[in-house]
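Written out below as structure tokens is the structure these notes cover.
Heavy atoms only: backbone and side chains are in, while hydrogens, waters and symmetry mates are out. This is a predicted model, so every value here is computed, not measured. Start at 1 and go down the list; that is how both ligands and their atoms are numbered.
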Amino acid sequence: MTVKETDQEVILTHPKDANTTVTILKYGATVYSWKMANKEQLWVSTAAKLDGSKPVRGGIPLVFPVFGKNATDEHLSKLPQHGLARNSTWEFLGQVKNDPPTVQFGLGPENANPELTKLWPMDFSLILTVELGIDHLKTAIEVQNTSNSNELKFNWLFHTYLRTEDIEDTMVTNLTGMTAYDQLLAETYVERHPALTFSEEFDRIYKKVPENRNIQVVRHGQPIHTLKRENLPDTVVWNPWIKKSAGMADFEPKSGFKNMVCVEPGHVNDFIILPPGEKWNASQTLYKDDLKFQAIM
Ligand SMILES: O=P(O)(O)OC[C@H]1O[C@@H](O)[C@H](O)[C@@H](O)[C@@H]1O
């Protein structure tokens, strides 16, 4: 069996390697484990809530329809930080392909968190497709505006927590020359560093990153993760470091910031405005590649 469903989760196993698996919690349709040849690729807090009481701290939470906390939009401003998709139990729609094993999850106003759809009463349909390759994990999203008359205004982001052995000797590359909004300084500037390194809290939105930039997480000269993006122009890079992780009750162990970096492809710098009836598609693929340095300014 390549796909196993329980009440809480769906587990995919690759037919060519029983140690290559992905586990998706129905709550938030959150990928919270991805193992390649038995090696975990994602970071998840040991205090993460997997019981639907709180979005999962780790894995790949889904951010929709708003990134961060909105202050101005009549409806979006009423939603909590990062919206409602990560706080809703999605419907498992089943397996759509055998090899690579591929499954889908759906969310709409009928099954989304009712407390939150009351605050954001829009017509929408989301389909998340998760594909487990022998050497990759692809997550793809389709958003449909199911209204006959109103536009749908939203952000999308894959809040991907990537695992690393030690953040202090980890770099994130191929964002050189991009415009960055530093959320900690509230300043916009052009990224001049040939690679991002980490020695304190880090929270930046890189804007309009061309699709041919494949962001890499590099350790000891070896790329440990490579990210390919489709229709996701912005990328958030985040590490909470010591003080911020100390303040998060669900972030454990407290030294866990050393073992993770969030590289989060999304469309967050502005909103997508989808006309009635239309669809919008985007995806992220995590895979392994050789070192490809794209530092052209
Ligand atoms: O604690 P949350 O809501 O999961 O957010 C975690 C982080 O998510 C990142 O995407 C944001 O850039 C950070 O500002 C934020 O702190």
Side-chain angles (χ1 to χ4, degrees), residues 25 27-32 42-71 76-88 113 115-116 119-120 139 141 154-163 167 172 175 178-189 191 196 198 200-207 209 215 217 225 227 229 232-254 256-271 282 284:
L25 195 67
Y27 185 71
T30 317
V31 170
Y32 77 91
L42 303 174
W43 182 85
V44 179
S45 163
T46 55
K49 300 280 180 222
L50 302 178
D51 61 358
S53 58
K54 202 179 179 335
V56 180
R57 176 69 61 201
I60 314 181
L62 304 174
V63 171
F64 170 90
V66 63
F67 170 74
K69 186 80 189 89
N70 181 276
L76 291 170
S77 62
K78 301 207 174 96
L79 287 174
Q81 156 129 326
H82 295 342
L84 56 73
R86 66 177 186 165
N87 328 45
S88 295
N113 185 322
E115 296 301 312
L116 301 179
L119 307 173
W120 188 72
T139 50
I141 188 69
F154 64 95
N155 293 137
W156 180 268
L157 176 127
F158 292 105
H159 199 306
T160 312
Y161 287 74
L162 296 170
R163 175 171 277 279
I167 189 67
V172 173
L175 289 165
M178 299 298 119
T179 300
Y181 176 70
D182 191 315
Q183 303 225 76
L184 303 171
L185 302 174
E187 270 178 26
T188 299
Y189 48 83
E191 183 58 70
L196 312 181
F198 302 89
E200 58 186 344
E201 188 180 350
F202 195 108
D203 193 353
R204 297 183 198 161
I205 304 170
Y206 290 89
K207 302 179 190 179
V209 181
I215 300 165
V217 179
H225 305 283
L227 264 107
R229 299 157 296 117
L232 295 172
D234 310 313
T235 299
V236 178
V237 181
W238 180 62
N239 184 291
W241 217 254
I242 300 166
K243 209 166 133 206
K244 177 122 187 171
S245 39
M248 290 188 277
D250 62 349
F251 196 104
E252 290 286 352
K254 288 302 170 203
F257 72 91
K258 290 184 185 164
N259 303 117
M260 48 88 42
V261 60
C262 282
V263 181
E264 312 164 27
H267 189 133
V268 298
N269 181 44
D270 52 17
F271 287 102
Q284 133 181 313

List every atom of ligand 1 that sits less than 4.0 Å from any heavy atom of [X], numbering the atoms from 1 in the order shown and giving each element.
X	answer
F67	10 (O), 12 (O)
V236	10 (O), 12 (O)
Q81	2 (P), 3 (O), 5 (O), 15 (C)

Nearest protein heavy-atom contact for [atom]: which residue, which atom, what distance?
atom	answer
atom 11 (C) of ligand 1	D203 OD1, 3.8 Å
atom 10 (O) of ligand 1	E264 OE1, 2.6 Å
atom 4 (O) of ligand 1	R86 NH1, 2.9 Å
atom 9 (C) of ligand 1	H159 NE2, 3.4 Å
atom 1 (O) of ligand 1	R57 NH2, 3.0 Å
atom 16 (O) of ligand 1	K244 NZ, 3.3 Å

Is R204 salt-bridged to D182, cutoff N-O under 4.0 Å?
yes
Give the minimum heavy-atom separation between I167 and M260, together with the two atoms involved.
CD1-O, 3.5 Å
Under 3.5 Å donor-acceptor, N239 side chain and E201 backbone
no
Without swapping roles, check the side chain of S245 against the backbone of P240 for a donor-acceptor pair under 3.5 Å.
no
With a 4.5 Å cut-off on side-chain heavy atoms, are Y161 and V44 touching?
no
Around K49, counting heavy atoms of other residues, nucleotides and ligands shown, do more than 12 lie under 6.0 Å from its NZ?
no
If you measure from CG on L227 to CD on Q284, what distance do you get to the nearest 0.5 Å?
5.5 Å
